[in-house]
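In what follows, a single structure is set out as structure tokens and then discussed.
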Amino acid sequence: MTCFFCKGKMEDKPANFMTDVDGRIVVIKNVPSQVCRQCGEISYSRSVALALEDMVKRATALTTEVSIASYAELAA
């Protein structure tokens, strides 16, 4: 697979995902990803992207301002 942006080679590698939703920071560690060797662009498979969407919804439902979790823990 090649990078959409720079056409570099993508490799399977865990990465961290971070987002800010309504002032709440959500960090999900060790997400299965494809990372460009050249520019560092990160992409996710459709199933991982859908899982991340669900994980972020669950994390933002908590009353805390910052949530940090491992992908494997939340996917189980």
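On a predicted model such as this, the values are computed, not experimentally measured, just so you know. Along the sequence shown, the residues carry numbers beginning at 1.
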Got a list of side-chain donor-acceptor pairs under 3.5 Å for residues 16-33, not counting sequence neighbours?
| residue | atom | partner | partner atom | Å |
| --- | --- | --- | --- | --- |
| Asn16 | OD1 | Asn30 | N | 3.2 |
| Asp20 | OD1 | Gly23 | N | 3.0 |
| Arg24 | NE | Thr64 | O | 3.4 |
| Arg24 | NH1 | Thr60 | O | 2.7 |
| Ser33 | OG | Val31 | O | 2.8 |

Minimum heavy-atom distance Cys36-Cys3, with the two atoms named: SG-CB, 3.6 Å
Remaining members of hydrophobic cluster (4.5 Å side-chain criterion), Phe5: Phe4
Pairing residues for Glu65 by the salt bridge (Lys or Arg N to Asp or Glu O under 4.0 Å) criterion, not counting sequence neighbours: none
Pairs flagged by salt bridge (charged side-chain N to carboxylate O under 4.0 Å, His left out) wherever residues 31-40 is involved - sequence neighbours left out: Glu11-Arg37
Exercise: identify the closest heavy-atom pair between Met10 and Thr2: CG-C, 3.7 Å
Salt bridge (Lys or Arg N to Asp or Glu O under 4.0 Å) partners of Lys9, counting only residues at least two apart: none
Residue pairs fulfilling salt bridge (charged side-chain N to carboxylate O under 4.0 Å, His left out) with at least one residue in residues 48-64, sequence neighbours excluded: Glu53-Lys57, Asp54-Arg58
Result block: side-chain N/O donor-acceptor pairs under 3.5 angstrom for residues 41-48, not counting sequence neighbours:
| residue | atom | partner | partner atom | Å |
| --- | --- | --- | --- | --- |
| Ser45 | OG | Ser47 | OG | 3.3 |
| Ser45 | OG | Val48 | N | 3.3 |

Do any side-chain atoms of residues 67-76 form donor-acceptor pairs under 3.5 angstrom with protein atoms, and if so which ones, sequence neighbours left out?
none

